[in-house]
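The basis for the numbers below is simple: all heavy atoms, side chains too, and nothing from hydrogens, waters or symmetry mates. Order of listing sets the numbers, starting from 1, for every ligand and every atom in it.
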Amino acid sequence: MIEVEIFFEDLKDVIYREVLKANSSVIIAVAWINFKEYYTLFDKLLTKNIELSIICSDNKQNKSHLNEINELRTKGANIRLLKMPSLRNHMHNKFVVIDNIHIINGSFNWSPNAEKSFENLMIIKNDKITAKKVRDEFNQLLNIETQTIKELHKKNKCKEKGCEGQLFNILVFSERASKYFETYGDIISVCNHCFEYTKIIECISNTQLEILLKELGCVNDDYEYEMLDKYISDLLMEYQNNDVLIHGIGKVNTELDGRDNEWDSTIVLWKNKFVGEKIPDEFKNETFEVYYDN
Ligand SMILES: [Zn+2]
């Protein structure tokens, strides 16, 4: 008979208790895992010869436990750190399948941050059909990574003669906001080498995006950064209907030098994490003619 239980407290203990009941296999997909805190759990499973597969996201916090991860791997664990594009946001799944029949699901990340916030865990027992669906989702996660990375790296070559640069789409916001605190911007396709550009979409306004970009400048840790990065990527989905993938967001910036000359440039505030290193931090003397100052 299928049984469902839900927990709001001592979630780490619940995980330990339920997962240790495994007889044959445990698969886990959770974005943030503190491998130091859960080391004993994983180690116990491996000692009992239980098949252990884990996927989590390829973030700094997870990678700070690489010693534990590698130790567990030598003991037989199959651990994958996925570079998931947050625009599809699949790694916000958090689930465990035990012995292909029990499922743990919920909002709980296996990290210290999670213990402070309001989280929950649902346990579904003896449900083979759902367990199979969840297992399929796990396998899908592994495939999606390969596909989306390919898509993002698809080269869009600059059309200028002799230029070897690559074109990127940057959403450039105007410097000043309107009296209603709304900022407008355009999506520009720009070459990262010769800076030749064309406007693709004009007059975009998104106050929420503007606020998130400001917050991005003062994040405290990796977790906060990833959450903001996810929100920004989700918001950008709105503009991606016409196959316009936004690789970065910038804002026009004017500075005065010592002799009262104005210097315009575009500062890049957010970059897609997969192609970011190819986009400059700043386009000097370039505003892409983005002026919405009234
Ligand atoms: Zn070029």
I'd like a table of donor-acceptor pairs (distance under 3.5 Å, sequence neighbours excluded) in which one partner is a side-chain atom from residues 194-201, with atom names and distances.
{"residue": "Y197", "atom": "OH", "partner": "E289", "partner atom": "OE2", "Å": "2.9"}
{"residue": "K199", "atom": "NZ", "partner": "D186", "partner atom": "OD2", "Å": "2.7"}
{"residue": "K199", "atom": "NZ", "partner": "F288", "partner atom": "O", "Å": "3.3"}
{"residue": "K199", "atom": "NZ", "partner": "E289", "partner atom": "O", "Å": "2.8"}

- Message: According to side chain to side chain contact (heavy atoms under 4.5 Å, CB included), who are the partners of N192, at least two apart in sequence or on a separate chain?
- Response: Q166, F168, K278, P280
- Query: Given the rule in the salt bridge (charged side-chain N to carboxylate O under 4.0 Å, His left out) test, do D281 and K271 qualify, once you have shown the distances and angles that lead to the verdict?
  - Reply: CA-CA 9 Å; D281 294 331; K271 298 173 184 182; 2.6 Å; yes
- side chain to side chain contact (heavy atoms under 4.5 Å, CB included) partners of K284, counting only residues at least two apart: E282
- Are the side chains of K21 and K125 in touch, meaning some heavy atoms are under 4.5 Å apart? yes
- the Zn ion (ligand 1): protein N, O or S atoms that are less than 2.8 Å away, sorted by chain: C158 SG, C163 SG, C191 SG, C194 SG
- Flag side-chain contact, heavy atom, 4.5 Å: V26 against F42: no
